[in-house]
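Taking it in order: structure first as structure tokens, then the write-up.
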Amino acid sequence: METDARRLVLIDGSSYLYRAFHALPPLSNEAGEPTGALFGVVNMLRSTLKERPEYVAFVVDAPGKTFRDELYADYKANRPPMPDELRAQVQPMCDIVEALGMPILRVPGVEADDVIGTLALQAAADGIDVTISTGDKDFAQLVRPHVGLVNTMSGSRMDSDAAVMDKFGVRPDQIVDYLALMGDAVDNVPGVTKCGPKTAAKWLEAYDSLDGVIEHADEIKGKIGDNLREALDRLPLNRTLVTIRTDVALDAGPTDLALRDADTGVLRTLYARYGFKQALKDLDGGAASDDRASAAGQAGTRNTAAGYAKSAPTGEAPDPALAAPGEYTCVDSGEALDAWTARLASADGFAFDCETDALDPMQANLVGLSFAIDPGEACYIPVAHDYPGMPAQLDRGAVLDALRPVLQDAAIRKVGQHGKYDLQVLRRHGVEVRGYADDTMLESFVLNATATRHDMDSLARHYLGYETVKYADVAGKGAKAITFDKVALDDATRYAAEDADVTLRLHRVLSARLAQEPTLERVYRDIEMPLVQVLERIEANGVRVDADELRRQSADLSRRMLAAQQKATELAGRTFNLDSPKQLGALLFDELGLPALVKTPKGAPSTNEEALEAIADQHELPRVILEYRGLAKLRSTYTDKLPEMINPDTGRVHTSYHQAGAATGRLASSDPNLQNIPIRTDDGRRIRTAFVAPEGRRIVACDYSQIELRIMAHLSGDAGLVEAFASGADIHRATAAEVFGKPIDAVEPNERRAAKAINFGLMYGMSAFGLAKQLGVPRGEAQDYIAQYFNRYPGVREFMERTREQARERGYVETVFGRRLYLDQIHARNQGLRAGAERAAINAPMQGTAADIIKRAMIDIDGWLEAHREHALMVLQVHDELVFEVETGFVDTLLEAVVERMCAAAELRVPLVVDSGVGSNWEEAH
DNA sequence: CACATCTGATACGTC
DNA sequence: GACGTATCAGATGTGA
């Protein structure tokens, strides 16, 4: 049957005015009045009226607060006041709307949206077809039978569920939830950080509604999952704020909104005044008009009272009762400096922090220092700020001279946060800090490596419930970030002095906690703290890298990459990006129809090495890709990158060691990572030839032999394993002999290889499945190997059981030296997570003990090196290996001292064995 | 809407 | 098992 032909058009006036204002150039009429927004709106109105709807309303916001402001004090708090050029166009717009014969609606206490929503539903219920004319996506929530949207400026329509689905990926009834998740920056309604249209639609697809998303919030992984959980409390309010009301009490109903005839006389005057030529032409049925001059001099606009005034004032600035704010002073006079120096000199200890202009401690210039002696009070001493119009500051050299006695006094205990950085910067500025006694980063790390990150902001939040001033707040971020020397002194003082203050407060809390745990305190006091300066020295030493050699290797790799690329293009029959797993997957599995035997964790067909190997016998391309990948990896990560990392001042590469980087207690290395320089392939190993010793010196490398297996023997006490190590046998061969039940001399190479895989697998807590994959044998066979292994080394099985048990009972495992690793997931319901925690539980004591041992050796060796600094430098640590740069004539002395100290770093049930080598480069030293 | 920035996915180097 | 880095691709945020 025919539908009722009656139509209602509801025009979202505010939305159009703003959009037209921003979208169009700032036009003006001959009198200089701004007309851009007006022009856009008038064109929109005229095109709307071409269809002669029976009913129409132009809806704008009324002045004053709305119910949303009552619900949420900060609603639209960020919205800047309406620009004057726009404000001036409001009244003319209303005049024109009026003259066009359209009713204008303006209802206090609600927004235009709510008026439109109410009228739309009333009309739809009466069988009237409603078109909402708006540029605002929020209205998609109203789409339903008889209600559609049109954006006259873009010409797009949205009048069905399918259209909404198409545009937003959610149904109209999900739009409110969708908006609640995303939030609205313009209205100052924060949603879930980093959740935009795609993410919101994805979640709603999975869980249907906001309630569903909230219910399953803990299933969502990654940073964005955290963001969601952080936002949970405010989401219901968001939903209320973004819901357009449909129950507003109105004086008029839809049928009171009949379109009247236009007042062409008034219109002509107005169009002429604002110079709308086309509109005039249409008005006169195509005839041009030239009566504009008569109107041009008319009096200006009436003072607008329309509802575009800036929105309600904000609520009070949030000032939650956190830890009391500190009292911070900026030291800018000799007297103030003397006073602080005197206080520092007579203090037992203090906290300090350096501000610089760079993250790299080998390049950073000291910009200022901060100190705190008692919590809540701190000072900042700017010494190298540099920006226009800044107040006076003290001279850097003079300040350092004044502070040097306290900084170098070993009897005055200093505490810092990640002090290795500050020590390094100060050393480069001629101050050798002594008495560096405590470091809050390391206190936190030793107390619980996984409970929190160990940067100061996280520590303050976690241990003090205190929100620090963020670096980005004073210096900005991204491309607009400024270096600290450009930060205004009062901002700098607020930020920097707080660093020292918070460090001191943290130390009070953390040292008290450590005092409760004597074993952990020993790890902290005997291992981590002494290591700080050792690492600082290794980093500062750097390692000599032969850039020319690497560039030659890069050129060689490039040549071979190009060949591989050409070959790949030929085999594929078209070009594609060899670096894109996605494109490669499409080519191999869709176009060429090769079997996708391996899946990525997300379930997509994997193109990793294993997957490509598996299909290499069916097509030439996979092999070529593997070749290309190997070459590309070496070039981009190593041969291209390392020369760039050479410090221009020292001519050497200075890595950064993260002492609180790995939960097991291992170090991590970055910028560049020198702990993953290739060794397994010939091409890769060649990179090590570029790590060289200068003239007259040699590279000496010393590494622990099988240290983790030895630790396993120690921890398990397994008689067979201990005996194998005591006898000095090749451990993999000995294992093979046991597992395969034959004399040690009869072990075949592939049996030794299998045994080696078993040994490694055990240390990683590997399953039969993993071992089978590693060895390329059926799972049952791998299972047999493991069973046989445990049969022959029953102590190892018991040790593993014991370790798992301890993890379950106490929630942590420990190293020989008492370092703890907490395993949060050990009781996880999720089987995969729990199994992962169990593997970590088994691996951590071995990996962690090895880390403890080499750290102890490093401290000892560094102490010995103290007297021999001109002859030898420690330059690298790679988990079980130490690398030195040594005067040729000193090599033998060093080797003896180092090997002895490495072997003596722990007393285990089995001997520690150290292998060593000497060469002109790192490759030769192996 | 163009551009910058961030995040996640994938892959792979070491011990 | 423990890491760090490169690249791509997509999404979000920003500003003209």
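Proteins get letters first, then strands, A, B, ... in listed order; numbering begins at 1 in each.
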Legend entry - Under 3.5 Å: donor-acceptor pair, side chain of A:H454, backbone of A:L442: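 It does not hold such a pair.
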Inset, instruction - Could you tell me whether a side-chain N or O of A:T849 sits under 3.5 Å from a main-chain N or O of A:V816, the two making a donor and an acceptor? - result: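 Checked: pair present.
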Inset, instruction - Using a 4.0 Å cut-off on protein heavy atoms (strictly under), produce a 5'-to-3' string for nucleotides 9-15 of chain B with B for base contact, S for backbone-only sugar-phosphate contact, and - for none. - result: SSSBBBB
Legend entry - Contact pattern, 5' to 3', of nucleotides 9-16 of chain C - B, S or - by protein heavy atom under 4.0 Å: SSSSS-S-
Inset, instruction - Could you pull out all residues at least two apart from A:Y793 that satisfy ring-ring contact (aromatic ring centres under 6.0 Å, His included)? - result: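 A:Y793: ring-ring contact (aromatic ring centres under 6.0 Å, His included) contacts with A:Y789.
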Inset, instruction - Report the residues that fulfil ring-ring contact (aromatic ring centres under 6.0 Å, His included) with A:F817, sequence neighbours left out, ordered by chain and then residue number. - result: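 Scan of A:F817 (ring-ring contact (aromatic ring centres under 6.0 Å, His included), adjacent residues dropped) gives none.
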Write down the distance between [atom1] ([X]) and [atom2] ([N]), rounded to a whole number of angstrom.
{"X": "A:L578", "N": "C:dA6", "atom1": "CG", "atom2": "P", "answer": "20 Å"}
{"X": "A:I711", "N": "C:dA2", "atom1": "CD1", "atom2": "P", "answer": "16 Å"}
{"X": "A:L631", "N": "C:dT7", "atom1": "CG", "atom2": "P", "answer": "15 Å"}
{"X": "A:F576", "N": "C:dC8", "atom1": "CZ", "atom2": "C1'", "answer": "14 Å"}
{"X": "A:K223", "N": "B:dT5", "atom1": "NZ", "atom2": "P", "answer": "17 Å"}
{"X": "A:Q877", "N": "C:dG4", "atom1": "CD", "atom2": "P", "answer": "13 Å"}
{"X": "A:H658", "N": "C:dT5", "atom1": "NE2", "atom2": "C1'", "answer": "12 Å"}
{"X": "A:M846", "N": "C:dC3", "atom1": "CE", "atom2": "P", "answer": "16 Å"}

Legend entry - Check ion pair A:D226-A:R229 (N to O, under 4.0 angstrom):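 Looking at A:R229 together with A:D226, the answer is yes, because their closest N to O distance falls below 4.0 Å.
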Legend entry - A:D682/A:R686 salt bridge by N-O under 4.0 Å criterion: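 No.
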Inset, instruction - With heavy atoms under 4.0 Å as the rule, sort A:A663 into base, sugar-phosphate or nothing. - result: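 Contact class for A:A663: sugar-phosphate only.
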Inset, instruction - Have a look at A:I842 and say if it touches a base, only the backbone sugar-phosphate, or nothing, with a 4.0 Å heavy-atom cut-off. - result: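 No contact.
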Legend entry - salt bridge (charged side-chain N to carboxylate O under 4.0 Å, His left out) partners of A:E539, counting only residues at least two apart: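 Only A:K420 meet the salt bridge (charged side-chain N to carboxylate O under 4.0 Å, His left out) criterion with A:E539.
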Legend entry - Those residues that, when tested against A:E591, pass salt bridge (charged side-chain N to carboxylate O under 4.0 Å, His left out) (two or more places apart):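 Here the qualifying residues are A:R574.
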Inset, instruction - Go through the steps to decide whether A:R804 and A:E801 satisfy the test salt bridge (charged side-chain N to carboxylate O under 4.0 Å, His left out), and finish with yes or no. - result: CA-CA 5 Å; A:R804 268 191 282 262; A:E801 273 312 318; 3.3 Å; yes
